[in-house]
Amino acid sequence: MCTSSMNLIPDSDWSRVTQRRQGVEAATLLDPALDKYTSTNIGLAKVDAVEQLGNGIVLVAIGGCSSATQALHIYLGKNGAEYTGVGNVNTQAALVPLSGAGCFQPGQVEVIRSCDSSAGASAVVISDSTAWKVSIKGLSKPVATVTKLLELPPTVEEYCLEWQTSSIGLLLVTLEDLNEATEPAAAILIPPPPRKLTLRMYTALDGWKTVCTVPENSNGLTMNRNGTRCTLTVMKNYIPEEGERGEYFIVDLPGADVDATATPCALTTGAGRVMDGGGGCLLNADGSIAVMSANLSLDRPITTTCNLWVLRADSTSGKFPSAVMHGDAALEPITTGKDIVEFGWVSGCTDTLWATWVVDGVHCETGVLAVPARATAGTPTWTLLPAPYTSYRCSGVVSLGGNATGADVAVAGGAPVDTSSLFFTAESATVYPQLVHLLQRDQAVVVALPHRSELLDVFNELRITTIDWKSNEGWDMKGLLYDAPWLTASSPIVIHAHGGPAITMPALRSNAADSTRYPLRHLLLAGYKVFEPLFRGTLGFGNDFAIANFQRQGNPETGDLGDILQGMDALVQTGVISSGTKFGIYGGSYGGYMTVRALSATKRFQCGVAQYGYIMNRWMSLEGGDFTYEDEYFGAREDWPVPATTTGSDTFHDLHQIDKPVLLLHGKDDDICPLSQSFPVYHNLRSRGIATGMVVYPGEKHGFSNPVHKQDSCRRTLAWFQHFLPTGDGNAVPFEAWLKSKE
């Protein structure tokens, strides 16, 4: 049976719910009060961009699912002068919608850059593939005038912009695919023809001109604030790799009035894992310092911690060294053993970085570093943000006071940074995203985001706690328990097996409430606890922990599946749940593999939902073309027959052991875990009369990006659990009764 948005694979006649599921209207499977929370339009507000404009004005672009009616808001910090003397407390402040800028809808503003202006403040923003100038007058009641500058060509894949001197104005650099579009019915070539990726630039003086062609696997375009250089991330393979191997390149941009082409130059060779998709190599304002994320590991790019490295241009020639590699003195580490979540330059400071990393697997730390202009001895010391923001995940750090010092001299260990006057987005395991303006070490202004108040009535009841236990082999294990006050010790619990497995999983409260890659709020609201074991192989616990699942994936005794099972036991032993509580399991990618594996290797689960998973490693490697996963976790990919060290983790040969219901959800065009990995599970179960179902989403690759498909997957996942893992109360909506009891 087929619809315009998805393909429904017929399943066995296991209940009337099956027929309703095949009847396309997945929404009818759920109570309307629960169905509301499967929508991608329900969630938290977020900050898309922040820029200081001067005169104490900070321009903030709001996105996400907010109560705001427009994107652009202002914060009149005035360097915190009006908040002096508030004492050792957090003072509340509010964002104010920018009058005259109502044409920008929430979530539509992607970038903000300040402009020079003789009167008031101004900025250039990108919204809906168009550059606009926003001129602001007045301080007590700022009012904006919006002027259209430029529409981006449809061939643009990525872009960077800055505002230069008044004679140049807007400077835009774009990465464009200039290949002619192929006919839909054209033959598909493997490998595909090379893409003609071109770097172009635009200024008001010269209009558009070509800078250079760049390698076909280029992405991650960045540019320094002065607009003289840009960097690119060039991936090793046109096929998506688990190892994300690549190199960083730099391009010297021609002047606005210079008709010349440039040549991309390799900054690294053997960078190992890089930040695929952008932000991995950032230049300081004048383009003399490059900071990059890489692990410089060619044999273990997946599981080796990525450090931050500094590379400096020659002080005489202004040129960067080319193709530096591991061991080159020119490449200096500024972090060691920190699993970096995000980093960037502090806007408004001279050569000062901010970075957030994961510690002890579940918590974040955020620090700032004044990067010395010359080489220093040893790894520098970062200045942590003051408590409580030391343990928050922070991003988009802006200085409202230009407070960094020490960046212009070589200081052993790095110069300390005064963190007062920093302005940033922050969130933690207990706090939803908010803006923070630091004043002094014991003072801060907390600026609330426009979260929807009617949603906070529900979301404020959701919480995360960390569960600790010991594995059979003595590893210190942690897991995240998502809970709510309407849930009890006897509430059924759903295990979320995370993807990767080599990813960080910090405890953030927004993961309980927001529309994430793997939403879980609808499960909590429907009466299920959710437990997320951070099994071996998860990043954030050190390299030894990251490789502890080599050749042990899916092992129920000495591998990561064993970690999950022992975490379930710990929930009972600590009294979090009562003995006899029933479990379900779900997950995507590696979590999809783990779902099927857990149901084939144990009898601990009542049912499962596997999203875009896999069942055989060698098959997945050969069909998809990415060998980095099998090389690193199992090795011996040239060996035939396939060795037992590899097949021992496969689920294909154990499908006959599954005797519990399994729902499979997969993207038709998945280029990492191919769709073919789900069909054998479905056909095996159906042939044996085991309740099963399968939904294929057209146009989706590895994950569900189409909001319609994403909501459909949430609806079907919850309906599956409600039928095969009932809450015991007739699938009532427990959170509604709880809220009414509080009235």
For the student: nearest non-hydrogen atoms of [X] and [Y], plus distance:
X	Y	value
Glu461	Asp457	CG-O, 3.8 Å
Met275	Val341	CE-O, 4.5 Å
Gly540	Thr504	N-CG2, 4.4 Å
Leu44	Pro433	CD1-CD, 4.0 Å
Thr727	Pro492	CA-CG, 3.9 Å
Ala598	Phe605	CB-CE1, 3.6 Å

What is the distance from atom [atom1] of [X] to atom [atom2] of [Y], rounded to the nearest 0.5 Å?
X	Y	atom1	atom2	result
Ser491	Trp486	OG	CH2	11.0 Å
Ser428	Leu508	OG	CG	8.0 Å
Phe735	Leu525	CZ	CG	5.0 Å
Glu110	Ser127	CD	OG	7.5 Å
Ser510	Ile464	OG	CD1	7.5 Å
Met505	Leu480	CE	CG	7.0 Å

Less than 4.5 Å apart, side chain to side chain, heavy atoms only: is that true for [X] and [Y]?
X	Y	answer
Asp563	Pro533	no
Phe424	Leu435	no
Leu438	Val436	yes
Ser293	Leu308	yes
Tyr75	Phe423	yes
Arg509	Asn511	no
Phe721	Leu523	yes
Leu565	Met568	yes

For the pair Arg273 and Glu244, evaluate salt bridge (Lys or Arg N to Asp or Glu O under 4.0 Å) and give the outcome as yes or no after the intermediate values. CA-CA 5 Å; Arg273 187 173 193 168; Glu244 296 183 327; 3.1 Å; yes
Knowing that exactly one of Leu72, Val60, Leu76 qualifies, which makes a side chain to side chain contact (heavy atoms under 4.5 Å, CB included) with Leu95? Val60
Of Val609, Val494, Leu30, the residue whose pairing with Leu718 passes side chain to side chain contact (heavy atoms under 4.5 Å, CB included): Leu30
Chi angles and distances behind the side chain to side chain contact (heavy atoms under 4.5 Å, CB included) call for Met594, Leu561: CA-CA 7 Å; Met594 186 60 74; Leu561 177 53; 3.9 Å; yes
Hey, mind stepping through Ser39 and Gln711 against side-chain hydrogen bond (donor to acceptor under 3.5 Å, both in side chains) and telling me if it holds? CA-CA 5 Å; Ser39 171; Gln711 181 172 22; 4.5 Å; no
Of Lys710, Arg716, His709, which meets side-chain hydrogen bond (donor to acceptor under 3.5 Å, both in side chains) against Asp712? Arg716
Using a strict cut-off of less than 4.0 Å between a Lys/Arg side-chain nitrogen and an Asp/Glu carboxylate oxygen, indicate whether Asp35 and Arg715 qualify as a salt bridge. yes
Thinking salt bridges, do Asp560 and Arg536 make one under a 4.0 Å N-O criterion? no
Passes salt bridge (Lys or Arg N to Asp or Glu O under 4.0 Å), Lys701 versus Asp670? Steps please. CA-CA 4 Å; Lys701 291 190 175 183; Asp670 196 325; over 6 Å; no
Between the side chains of [X] and [Y], is a donor N or O closer than 3.5 angstrom to an acceptor N or O?
X	Y	answer
Tyr482	Glu532	yes
Ser490	Ser578	no
His498	Thr538	yes
Ser471	Gln566	no
Glu700	Ser705	yes

Polar side-chain atom of [X] near backbone of [Y] as donor-acceptor pair, under 3.5 Å:
X	Y	value
Ser399	Leu422	no
Thr356	Thr366	no
Thr352	Cys349	no
Tyr392	Leu385	no
Asn295	Thr305	no
Thr383	Val417	yes

Stepwise, does the side chain to side chain contact (heavy atoms under 4.5 Å, CB included) test hold for Ser589 with His702? CA-CA 8 Å; Ser589 192; His702 196 59; 2.7 Å; yes
Sequence neighbours excluded, every pair satisfying salt bridge (Lys or Arg N to Asp or Glu O under 4.0 Å) that has a member inside residues 568-590: Asp569-Arg604
Sort and list the pairs that fulfil salt bridge (Lys or Arg N to Asp or Glu O under 4.0 Å) and have at least one residue in residues 511-529, not counting sequence neighbours. Asp483-Lys529
For Lys46, is the NZ atom crowded, meaning more than 12 foreign heavy atoms sit under 6.0 Å from it? no
Between Tyr590 and Phe535, how do the two ring planes meet: parallel, tilted or perpendicular, split at 30° and 60°? tilted
Any chance the rings of [X] and [Y] have centres within less than 6.0 Å?
X	Y	answer
Tyr697	Tyr612	no
Trp475	Phe545	yes
His496	Phe531	no
Trp354	Trp382	no

Walk me through whether Val368 and Leu353 qualify under side chain to side chain contact (heavy atoms under 4.5 Å, CB included). CA-CA 5 Å; Val368 288; Leu353 280 174; over 6 Å; no
Show your working on side chain to side chain contact (heavy atoms under 4.5 Å, CB included) between Phe459 and Ile42 and close with a plain yes or no. CA-CA 11 Å; Phe459 293 163; Ile42 298 294; 4.2 Å; yes
Determine, stepwise, if the pair Lys478 / Asp360 fulfils salt bridge (Lys or Arg N to Asp or Glu O under 4.0 Å). CA-CA 9 Å; Lys478 293 182 182 295; Asp360 67 23; 5.4 Å; no
